[in-house]
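Some notes on the structure that comes next.
The chain is numbered in sequence order, starting from 1.
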Amino acid sequence: MIQDDNFQPELRDHYLVAYILGELVNRVLGCDLIAQADTGDREDYPFVTFNFVTMESDETSDWLEDGMVYTTQLQLDCHSDNLYQAAQMAQKLHSALCGRTYRNWFKSVDIVPQRVLGTSNRTMLEGINYDHDYGFDVEFLVKSKAWTEDQLNFDVIPANEEIESVGVSDSNYHKEKTNADDN
């Protein structure tokens with residue numbers, strides 16, 4: 001995934017965000033997440049890149065002993081040699097980050113996806129580049145704390161995303177009432 005053989009970072013903060021995103025990308029899209037700066041030795045298509053646009057923006061100064069709380073912003077881009085595959089990958093990843101099922105992976109370790117911006121075509125210099133690139137930016141609220149791999153839970157528990165509502169009118173009730181009134 002996003003590991004350098006010479007250095008194994010502590011499972012916290014930015015690395016933890018990227019680690020969870022790597023698992024999500026693998027589950028949802030079946031491909032790898034790699035740092036945008038590491039695409040020199042290009043992966044086989046398709047793949048997803050990430051880049052920290054804003055490393056941290058303090059949210060509050062009263063965190064004291066509980067760990068720093070900050071917002072970080074990432075750029076996520078889906079790469080493919082096929083235009084429509086790249087676009088559909090970005091849409092799937094966007095939907096996954098907006099859905100409750102995968103957002104719970106982050107929330108379980110004190111990371112909250114804040115804003116998931118719209119998907120756009122990010123292909124630069126079409127015709128010169130070998131790939132198509134669609135993506136979006138996402139912000140996370142992060143509480144700085146170290147975790148271990150056994151504390152992470154990547155079980156997929158489907159969220160009940162049905163909208164339960166009461167209908168404005170019940171046509172069967174209305175018909176039965178009208179027929180009863182006629183008698």
Side-chain angles (χ1 to χ4, degrees), residues 1-4 7-38 46-79 86-122 133-165:
M1 182 183 78
I2 52 172
Q3 298 175 8
D4 180 348
F7 176 71
Q8 182 61 42
E10 196 174 4
L11 200 51
R12 67 178 309 135
D13 300 324
H14 303 94
Y15 181 71
L16 180 58
V17 171
Y19 187 91
I20 295 171
L21 278 171
E23 184 67 27
L24 190 149
V25 165
N26 190 275
R27 291 266 182 105
V28 172
L29 302 175
C31 63
D32 291 330
L33 174 72
I34 57 175
Q36 186 178 30
D38 293 343
F47 60 92
V48 178
T49 59
F50 73 95
N51 183 42
F52 285 98
V53 177
T54 305
M55 288 299 282
E56 56 194 49
S57 174
D58 291 346
E59 288 299 311
T60 181
S61 61
D62 58 356
W63 45 271
L64 301 174
E65 296 175 19
D66 292 336
M68 183 175 155
V69 177
Y70 61 90
T71 300
T72 187
Q73 182 178 358
L74 281 90
Q75 172 183 335
L76 295 172
D77 293 320
C78 299
H79 299 264
Q88 288 179 357
M89 288 170 57
Q91 289 171 331
K92 277 183 161 178
L93 185 56
H94 187 278
S95 293
L97 280 168
C98 289
R100 285 184 276 179
T101 300
Y102 295 107
R103 290 172 74 89
N104 288 336
W105 288 4
F106 292 99
K107 288 181 182 179
S108 69
V109 290
D110 297 333
I111 297 172
V112 181
Q114 293 286 293
R115 289 188 326 148
V116 183
L117 302 177
T119 302
S120 62
N121 183 345
R122 296 181 173 191
D133 177 3
Y134 281 79
F136 54 90
D137 289 359
V138 60
E139 289 180 0
F140 293 93
L141 182 65
V142 179
K143 181 177 179 185
S144 183
K145 180 179 175 183
W147 299 84
T148 61
E149 282 193 41
D150 61 320
Q151 291 175 305
L152 302 178
N153 182 2
F154 294 120
D155 293 336
V156 176
I157 301 168
N160 180 5
E161 302 207 34
E162 285 185 27
I163 298 173
E164 296 179 9
S165 64

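Using bins of under 30°, 30° to 60° and over 60° for the plane-to-plane angle, the ring pair F140/F106 lands in the tilted bin.
In this structure the side chain of M89 reaches within 4.5 angstrom of the side chain of C31, judged on heavy atoms. Contact check for P46 versus L29: no side-chain heavy atoms found under the 4.5 Å cut-off. Residues D133 and C78 fail the side-chain proximity criterion, which asks for heavy atoms closer than 4.5 Å. Side-chain contact between D77 and Y134 is absent, with no heavy-atom pair separated by less than 4.5 Å. Here the side chains of V142 and T71 are not in contact, with every heavy-atom distance at 4.5 Å or above. A heavy-atom distance below 4.5 Å is not found between the side chains of L97 and R103. Residues R122 and Q75 are in side-chain contact: their nearest non-hydrogen atoms beyond the backbone lie under 4.5 Å apart. Two residues are said to be in side-chain contact when any heavy atoms from C-beta on lie closer than 4.5 Å; D137 and L74 fail this criterion.
Taking each heavy atom of Y70 and S144 in turn, the nearest pair found is CE2-CB, 4.3 Å. Residues C98 and V116 share a closest heavy-atom pair of SG-CB, 3.9 Å. Of all non-hydrogen atoms in L24 and A96, the two that sit nearest each other are CD2-CB, 4.0 Å. When all heavy atoms of H94 and G118 are compared, the pair lying nearest together is NE2-CA, 4.3 Å. Residues I34 and F47 approach most closely at CD1-CD1, 3.7 Å, considering heavy atoms. Of all heavy-atom pairs between F136 and L117, the closest is CB-O, 3.3 Å.
For the residue pair E149 / Y19, a side-chain donor-acceptor distance below 3.5 Å is found, with atom types taken as modelled.
Considering CG of D110 and NZ of K143, their distance stands at 5.0 Å, rounded to 0.5 Å. Rounding to the nearest 0.5 Å places CH2 of W147 at 8.5 Å from CD1 of I111. Atom OG1 of T49 is separated from atom CG of D32 by 12.0 Å, given to the nearest 0.5 angstrom. Rounded to the nearest 0.5 angstrom, F50 CZ and Q36 CD are separated by 9.5 Å. In this structure, CD on Q91 lies 6.5 Å from OG1 on T119, to the nearest 0.5 angstrom. One distance of note links CG of D13 with NZ of K145; it measures 12.0 Å at 0.5 Å rounding.
Of the possible polar contacts, one joining the Q151 side chain to the T148 backbone as a donor-acceptor pair under 3.5 Å is found. Looking at N26, its side chain never comes within 3.5 Å of a backbone N or O of G22 through a donor-acceptor pair.
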Evaluate side-chain contact (heavy atoms from CB on, under 4.5 Å) for L76 paired with L93, printing each intermediate quantity in order. CA-CA 9 Å; L76 295 172; L93 185 56; 4.2 Å; yes
Test H79 against V48 for side-chain contact (heavy atoms from CB on, under 4.5 Å), laying out the working first. CA-CA 6 Å; H79 299 264; V48 178; over 6 Å; no
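Taking the ring axis of W105 as reference, the NZ or CZ atom of K107 does not stay both within 45° of it and closer than 6.0 Å to the ring centre.
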